[in-house]
Enquirer: 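Sharing a structure here in structure tokens format.
Only a predicted model underlies this, so the values are computations on that prediction, with no experimental measurement involved. First listed ligand is number 1; within each ligand, the first listed atom is number 1.
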Amino acid sequence: MPKLDQFVSQKLGELEQKQRYRVLKESLREQGVWVTRCGKKLLSFSCNDYLGLSQHSKVNAAAHRASGTNGVGAGASRLITGNHRFYTELEEKLAAMKGTEAALVFGSGYLANIGIIPALVKKGDLILADKLVHACLLDGATLSGATLKRFAHNNMVHVNQLLAKYRAQYRHCLILTDTVFSMDGDLAPIVELRELADEYDAWLLSDDAHGLGMLTRDESLPQAHLQMGTLSKAVGAYGGYVCASKKVIDYLVTSARSFVFSTALPPMIVAAALEALNVMEAECGLRERTLELARFFAQELNLPVPESAIVPLILGEEGKALNASKQLENLGFLVAAIRPPTVPVGTARLRFTFSALHEKQDVVRLIAAVRMLESLD
Ligand SMILES: *Cc1c(COP(=O)(O)O)cnc(C)c1O
């Protein structure tokens, strides 16, 4: 066997032993919340398309209109010739929604984080990140070369301690958090984090990937200095963004390498995202409907009251989560098992996500199926 294949075979063997080997399965999202996987039609509780906008007729029509006039690919990065006028409209809309002066759209949420963080901090600077932040914030932190320290999940006493102990030793300090934690569904205390950031002359970056469209913004409350997020979850399209002051956005345009050196999104995607934000505002009942389904599910199973459309059922070992997911699949449900390294060791889980396209009856059937799972405790 070639050396490279030998090397990866050994790596794959190790993953298999830990039950962390992952393979791709063809998954066709056709209508609503149904996914056909390996020829079997399953009711999905694993999509992040919380409002069903990825399939909304108006969003779809906007994408078709745009591809009709603009074709598919953008042709170049935004600084060269890829900066279609749809971008201006989308960025103005995002800034208005978040209450900031400006916004900048990136190729994806992942690209946004690995571009923004290294543009702002470097070696000699400090990054404090919640223990449960999304992997792409950590990748951005690693790329930046700044010193990274983690604080216990949502623990403001710990953040305060770290700032008191270390802040003075570093030039700049950036604090990273999710607004809605992607695998737990709980919320970060943004107001407290912002107060601490201001007190210690630090900057706060919040990742609102699972919040946009799902949380309502209280305009009287302070927000993070940098509010990033994705257009691929509740917005149902693709792309990432950051909302901040005009000065910060002007700087990121020339300094975020994942922005400068990557091709612009296809105009049809930008048009679709813009239309989805309009639909989101016009049909504000979708959000409440989704959250109501999540709350109903949790209540029936005696789980903590969810703060978002994400409800975890923590099972512990990898095998337990895989087994539970398989049992649900046999009953016609698609609920992905989430394992390390996506979540901390010993907290493998089922992660249920709800959508405005689910019927209450779907959730009733899911509850019955979860109650039937063997060896849950
Ligand atoms: C999904 C996700 C991202 C990445 O966004 P993409 O647009 O899918 O690259 C970033 N942060 C969080 C918290 C996420 O859940």
Side-chain angles (χ1 to χ4, degrees), residues 24 27 29 46-51 53-54 59 87 90-91 94 98 103-118 127 129-144 150 153-154 174-188 190 193 204-215 223-224 226-243 256-259 262-266 269-270 272-274 276-277 290 294 306-312 336 338-339 341-344 349 351-355:
L24 289 167
S27 307
R29 291 178 69 232
S46 278
C47 300
N48 297 320
D49 182 19
Y50 303 117
L51 304 175
L53 297 183
S54 76
V59 177
Y87 269 112
L90 178 59
E91 287 168 349
L94 286 164
K98 296 284 185 176
L104 186 65
V105 170
F106 284 74
S108 72
Y110 190 101
L111 286 169
N113 278 333
I114 65 166
I116 298 162
I117 298 169
I127 294 177
D130 188 286
K131 275 275 189 231
L132 299 185
V133 291
H134 192 266
C136 62
L137 288 163
L138 300 177
D139 292 349
T142 304
L143 260 180
S144 76
R150 312 290 297 272
H153 179 51
N154 278 349
L174 181 64
I175 303 175
L176 307 177
T177 188
D178 289 11
T179 59
V180 176
F181 285 85
S182 57
M183 298 298 135
D184 293 78
D186 59 339
L187 309 185
I190 296 295
L193 279 167
L204 177 63
L205 166 62
S206 63
D207 181 335
D208 197 36
H210 297 274
L212 180 64
M214 301 308 293
L215 299 181
Q223 295 293 331
L226 301 130
Q227 303 176 60
M228 69 74 58
T230 177
L231 302 167
S232 67
K233 285 165 183 157
V235 182
Y238 198 67
Y241 66 88
V242 60
C243 296
R257 294 173 63 84
S258 60
F259 178 87
S262 188
T263 299
L265 286 167
I269 291 296
V270 184
L274 182 61
L277 293 177
T290 310
E307 297 178 279
S308 66
I310 302 165
V311 182
I338 309 288
R339 291 170 273 166
T342 308
V343 291
R349 66 195 65 187
R351 172 182 180 268
F352 298 90
T353 55
F354 295 84
S355 158

Enquirer: Under 3.5 Å between any N/O of Asp207 and any N/O of ligand 1: does that happen in this structure?
Expert: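 Min N/O separation from ligand 1 is below 3.5 Å for Asp207.
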Enquirer: If I take atom OG1 from residue Thr230 and atom NE2 from residue His134, how far apart are they, to the nearest 0.5 angstrom?
Expert: 9.0 Å
Enquirer: Find all atoms of ligand 1 within a distance of less than 4.0 Å from any non-hydrogen atom belonging to Ala209, and give their numbers and elements.
Expert: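 Near Ala209, meaning under 4.0 Å from one of its heavy atoms, ligand 1 has 2 (C), 11 (N), 12 (C), 13 (C), 14 (C), 15 (O).
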Enquirer: Taking a cutoff of less than 4.0 Å between a non-hydrogen atom of the residue and any ligand atom, is Met228 in contact with ligand 1?
Expert: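 Flag not set, Met228 not near ligand 1.
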Enquirer: Mind checking the OG1-CG spacing from Thr177 to Leu193? Nearest 0.5 Å is all I need.
Expert: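 So the gap between those two atoms works out to 5.5 Å.
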Enquirer: Provide the number and element of each atom of ligand 1 under 4.0 Å from a heavy atom of Ser182.
Expert: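 Counting from 1, the qualifying ligand atoms are 15 (O).
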Enquirer: Tell me if a side-chain donor or acceptor on Ser206 pairs with a main-chain N or O of Gln223 at a distance below 3.5 Å.
Expert: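 No, the answer is negative, given that no donor and acceptor are paired below the 3.5 Å cut-off.
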Enquirer: Is there any N or O on Gly109 that sits under 3.5 Å from an N or O of ligand 1?
Expert: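 Such a contact does occur with ligand 1.
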Enquirer: Using distance alone, decide if ligand 1 has a nitrogen or oxygen within less than 3.5 Å of any nitrogen or oxygen in Thr230.
Expert: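 Between Thr230 and ligand 1, an N or O pair is found under 3.5 Å apart.
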Enquirer: Return yes or no for this condition: an N or O of Tyr110 is under 3.5 Å from an N or O of ligand 1.
Expert: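 Between Tyr110 and ligand 1, an N or O pair is found under 3.5 Å apart.
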Enquirer: What is the nearest protein non-hydrogen atom to atom 8 (O) of ligand 1, stated with its residue, atom name and distance?
Expert: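 Scanning the protein heavy atoms, the shortest distance from atom 8 (O) of ligand 1 goes to Ser232 OG, 3.4 Å.
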Enquirer: Does Leu187 offer a backbone N or O that forms a donor-acceptor pair with the side chain of Asn154 under 3.5 Å?
Expert: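 Yes; at least one donor-acceptor contact below 3.5 Å.
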Enquirer: Taking the six-membered ring for Trp, are Phe181 and His210 ring centroids under 6.0 Å apart?
Expert: no
Enquirer: Which of the numbered atoms in ligand 1 are below 4.0 angstrom from a heavy atom of Lys233?
Expert: 1 (C), 2 (C), 3 (C), 14 (C), 15 (O)
Enquirer: Heavy-atom contacts with Cys136 under 4.0 Å: which atoms of ligand 1 show up? List them by number with element.
Expert: 10 (C), 11 (N)
Enquirer: Nearest 0.5 Å please: distance from the CE atom of Met228 over to the SG atom of Cys136.
Expert: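 If we round to the nearest 0.5 Å, Met228:CE and Cys136:SG are 6.0 Å apart.
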Enquirer: Do you see a donor-acceptor pair shorter than 3.5 Å between the side chains of Asp139 and Asn113?
Expert: no
Enquirer: Going by distance only, is there an N or O of His210 that falls short of 3.5 Å from an N or O of ligand 1?
Expert: yes
Enquirer: Is Asp184 salt-bridged to Arg351, going by a charged N under 4.0 Å from an acidic O?
Expert: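 Result for this pair is no, no salt bridge flagged.
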